[in-house]
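Working notes for the structure below.
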Amino acid sequence: MRLFLFLLLISSSFAQATLLRTTKSGDKSSATHVRLPALYVPKNSPPAPGIAPGPFTTTYQGTLVIPKRYRLYFSFSGEGTATLKINGKQVVTMAEEKSERLRLNPGEHPLEITYSSLPDGSGNFRLHWQERKAFPTEPVPSTAFTSLDQISNPAHLMAQHNCTSCHAVDDLGPHAQPELSHPGPDLTSIGHRRNEAWLTRWIAQPDKLKPTTTMPAMVDHTKPEGAQEAADIAAYLASLSPLKSKATPLPDPNLAQAGGAHFHQLGCAACHTTPDKNLPDFENQRIPLNNVAAKFKQGEIIHFLKNPQQHHQAIKMPNFDLSDEEASALSAYLIKESTGNHTPDPSEFPPGNAVEGKKLVQSLNCAACHEGLPESTNHAPKFHALKDWSQGCKGPRVNLTKEEQTSLKPETISHLKFDTASAYATRQIEALRCNSCHQHDDKASLLSSVHTDSKALIAHIKGHAEKMEQTRPPLTHMGAMLHSSYSSDILKGKTRARPWLDMRMPAFSLHADRLALGLAHQHGLPASSPQKVEGDGKAGEQLISMQGYACVTCHGVGDKPALAAFEVQGINFAKTHHRLRGDYYFQWMHHPARLVPDTKMPRYTNEDGSGLRADLLDGDSKKQFQAIRAYLSTISEKSPN
């Protein structure tokens, strides 16, 4: 019970956990927030955003929160040198095996870690703790720290808004933020896919149709000349259509009910308001869908849903690998419910002139962000040539607050040039809205609170009310949990761990490899892939059977399904070897609820850490779990998919 209360407090009582990390190398320094007291920097890589590769020192400052009195041991793993201080007193260094037993009373305890890299600029460490009675040695979790005031991230804003597409930066180099090379939507043949009236409204006021957009308003629609320019540009874009192109037929409207069910079951409400709502959800920044019918020509939305990246590789909309039926049904639902609910026109628009529109597209340098347009006749000054930074961007009306605009400074360029995989993962978790579907640290998923918005769409399905909804896995430990090779495959849509769920993990292929690497680095770990596992496989086979721990009750084994998974299935054991890193596997097997407090996975160890089955392998839980892992590695070799 004491341990359960500890887990409950750790998992639910804190705000978003952060540590302030300050890195120095030569005369350069960089401050940022990180989730964990952990670090992984490969040789010849920047140690922190804005810092060039080379030897470095870094400090972590934060507040460790202890919910009740504990007697703890602390230790480091890694390379380099590190020192931990708690309450201003040195506790342990990396050179020591572990600290003396430290008694910490309930409450907040200032924590500081000082770390120095190896001479070649590489380095890594993880901070561990152990409670004498409650838990064995494990990495200190992100949820053990209180939050700090956030540091603004102007480099993230510049990457999001493609500032360097217009304001070029000389010699970005090999460590630059990957987002800087991501192009905007390809407008080749845009006239075949989008309605001219919608294009006019979009050009006039993009932030009105999509409040979260990074598309700037290039014209002032409140003035007659601006309204004319919007109409002219739209007329030109509408003319960009293959001469013999055929319109895609509209989906069968009778599919709308099935499409609504797909909308709910796929969890679309995590990122979108329902298409019958014409007011944006500003609080949660969900993207409205009320303009779908006005936006897409005929049934072109079907092609978009089947492959959102086809004309915009860096689009935030992921690929759900929809079947033809799913895409058609969803399209029918979206068209039906959004018809007549489109955002009202911001002003009167005259007829457009395509010839004048082409001239405007060239003079406004639209080709800087978009493929398929004529080259520009007018270029913005380069980044280093910009003089007055006090008022922010003085060009088009960008969708940034005044505070965000004035946060942009010349020194931001160093953060653009020197990026890390860990920082990239932090940015993309936010940009791709991962927390909309997944709990992350102590922050609950948005879908948990907004999914009821679309629940009425499945009311016609018999038995839906009795069906137990299985939640999505939390992101908190993903970098330490999954091999980066497997994480990448998930993000590319190559594999699904839970194919029985109504929801499915969509693909973010553009970000897969670096995001998987960054998640690992956040936990102080390198990239990884499955390796050979030694152990008593025959004993492991017995341990998972009904004569052992009866794991096969909930888990399938290759082609053999679970014996009696009533409400909650477990992941097929054929995937375990490909999925789980060894350290995480043992931590999970020792006490699953320490990692995921609401897991249905039972515990198979006693309070002293011994195995529940004293008659197998001398009751040694480590031997038992190693035997299971060895056996599962042979299963996955036969059935890797």
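Because only heavy atoms are used, hydrogens play no part in the values below, and waters and symmetry mates are left out as well, while side chains stay in.
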Item checked: Asp442 and Thr143 side chains, donor-acceptor separation under 3.5 Å -> no
Notebook entry, point to check: Passes ring-ring contact (aromatic ring centres under 6.0 Å, His included), His156 versus His415? Steps please.
Noted result: CA-CA 9 Å; His156 183 22; His415 285 250; over 10 Å; no
Next item on the list: Compare every heavy atom of Ile302 with every heavy atom of Pro251, then report the nearest pair and how far apart it is.
Entry: CB-CD1, 4.0 Å
Item checked: Check: Ala48 main-chain N/O paired with Thr23 side-chain donor or acceptor under 3.5 Å -> no
Margin query: More than 12 heavy atoms of other residues, nucleotides or ligands under 6.0 Å from NZ of Lys28: yes or no?
Written below: no
Check: Partners of Phe418 by ring pair (Phe, Tyr, Trp, His ring centres under 6.0 Å), sequence neighbours excluded?
Finding: none
Next item on the list: Before accepting this row, confirm whether a basic side-chain N of the pair Arg504/Glu326 lies closer than 4.0 Å to the acidic partner's carboxylate O.
Entry: yes
Next item on the list: Return the minimal non-hydrogen interatomic distance between Leu199 and Ala238, and the atom names on each side.
Entry: CD1-N, 4.2 Å
Check: What's the verdict on side chain to side chain donor-acceptor pair (under 3.5 Å) for Glu325 and His262, showing C-alpha distance, side-chain angles and the deciding distance?
Finding: CA-CA 10 Å; Glu325 183 279 329; His262 290 320; 3.2 Å; yes
Next item on the list: Check for a donor-acceptor pair, side chain of Ser338 on one end and backbone N or O of Ala293 on the other, with a separation under 3.5 Å.
Entry: yes
Notebook entry, point to check: Under 3.5 Å, is there a donor-acceptor pair between the side chain of His272 and the main chain of Leu289?
Noted result: no
Margin query: Quick check against the 3.5 Å criterion: does Asn195 have a side-chain atom that pairs as donor or acceptor with the backbone of Ala294?
Written below: yes
Item checked: Lys/Arg N to Asp/Glu carboxylate O, Lys359 vs Glu356, below 4.0 Å -> yes
Item checked: Criterion side chain to side chain donor-acceptor pair (under 3.5 Å) on Asn290 and Thr343, from CA distance to verdict -> CA-CA 7 Å; Asn290 61 303; Thr343 304; 3.2 Å; yes
Next item on the list: Report yes or no: does Ser363 contribute a side-chain atom to a donor-acceptor pair with the main-chain N or O of Leu360 at less than 3.5 Å?
Entry: yes
Margin query: Any heavy-atom pair between the side chains of Asp321 and Met505 that's under 4.5 Å?
Written below: no
Check: Can you check whether Met478 reaches Ser487 side chain to side chain, under 4.5 Å on heavy atoms?
Finding: no
Checklist line | Side-chain donor-acceptor pair present, Arg472, Ser445, cut-off under 3.5 Å | finding: yes
Notebook entry, point to check: Would the number of heavy atoms belonging to other residues, nucleotides or ligands and lying under 6.0 Å from CD of Glu225 be above 12?
Noted result: yes
Notebook entry, point to check: Can you tell if the side chain of Asn162 reaches within under 4.5 Å of the side chain of Leu180, non-hydrogen atoms only?
Noted result: no
Margin query: Please check: side-chain N/O of Thr213 versus main-chain N/O of Lys210, any donor-acceptor pairing under 3.5 Å?
Written below: no
Next item on the list: Hey, could you give me the CG/CD distance between Leu447 and Gln439, rounded to the nearest 0.5 Å?
Entry: 13.0 Å
Next item on the list: State, yes or no, whether a side-chain contact exists between Arg35 and Thr476 at a heavy-atom distance under 4.5 Å.
Entry: yes
Notebook entry, point to check: Can Thr248 and Gln298 be counted as having a side-chain donor-acceptor contact under 3.5 angstrom?
Noted result: no
Note to self: Testing the basics here: between Leu250 and Gly299, what is the closest heavy-atom pair and its distance to 0.1 Å?
What the structure shows: CD2-N, 4.0 Å
Margin query: Side chains of Ser422 and His521 only: does a donor on one sit below 3.5 Å from an acceptor on the other?
Written below: no
Note to self: Pair Gln285, Asp281 - check side chain to side chain donor-acceptor pair (under 3.5 Å), show working.
What the structure shows: CA-CA 6 Å; Gln285 295 189 319; Asp281 180 2; over 6 Å; no
Check: Would the His511 and His182 ring centres measure less than 6.0 Å apart?
Finding: yes
Check: Is Arg286 close to Arg433 at the side-chain level, that is, under 4.5 Å between some pair of heavy atoms?
Finding: yes
Margin query: Between Arg193 and Leu187 (side chain of the first, backbone of the second, donor and acceptor by atom type, cut-off under 3.5 Å), is there such a pair?
Written below: no
Item checked: Between Ser509 and Gln313, a side-chain donor and acceptor under 3.5 Å -> no
Item checked: Reported CG-to-CG distance for the pair Asp232 and Asn353, which is rounded to 0.5 angstrom -> 5.5 Å
Check: Got a donor-acceptor contact below 3.5 angstrom from the Asp441 side chain to the Lys443 backbone?
Finding: no
Notebook entry, point to check: Do Arg427 and Glu179 meet the salt-bridge criterion of a basic N to acidic O distance under 4.0 Å?
Noted result: yes
Check: In terms of side-chain heavy atoms, does Asp453 have a donor or acceptor partner in Thr273 at a distance below 3.5 Å?
Finding: no
Next item on the list: Say whether, by atom type as modelled, one donor and one acceptor occur between the side chain of Lys297 and the main chain of Gly191 under 3.5 angstrom.
Entry: yes
Next item on the list: Answer yes when Asp324 and Lys306 have at least one side-chain N-carboxylate O distance shorter than 4.0 Å, and no when they do not.
Entry: yes
Notebook entry, point to check: Considering all heavy atoms of both residues, which atom of Phe145 and which atom of Thr18 are nearest to each other, and what is their separation?
Noted result: CB-O, 4.2 Å
Margin query: If you define the side chain from C-beta out and look only at heavy atoms, does anything of Met503 sit under 4.5 Å from Arg498?
Written below: no
Item checked: Donor-acceptor contact present, side-chain Ser488 to main-chain Ser484, <3.5 Å -> no
Check: Measuring from Cys268:SG to Leu334:CG, what's the distance to the nearest 0.5 Å?
Finding: 7.5 Å
Next item on the list: Compare every heavy atom of Ser30 with every heavy atom of Pro49, then report the nearest pair and how far apart it is.
Entry: O-OG, 2.7 Å
Notebook entry, point to check: To the nearest 0.5 Å, how far apart are NZ in Lys358 and OG in Ser239?
Noted result: 8.5 Å
Item checked: Reported NE2-to-CG distance for the pair His477 and Leu36, which is rounded to 0.5 angstrom -> 9.0 Å
Margin query: Once ring pair (Phe, Tyr, Trp, His ring centres under 6.0 Å) is applied, do any residues pair with Tyr486, and if so which ones, sequence neighbours excluded?
Written below: none
Notebook entry, point to check: What is the ring orientation for Phe304 with Phe296, classed by angle as parallel under 30°, tilted 30 to 60°, or perpendicular over 60°?
Noted result: tilted
Item checked: Shortest non-hydrogen separation from Ala512 to Lys492 and the atoms involved -> CB-CG, 3.4 Å
Notebook entry, point to check: If you measure from OG on Ser414 to CG on Asp419, what distance do you get to the nearest 0.5 Å?
Noted result: 11.0 Å
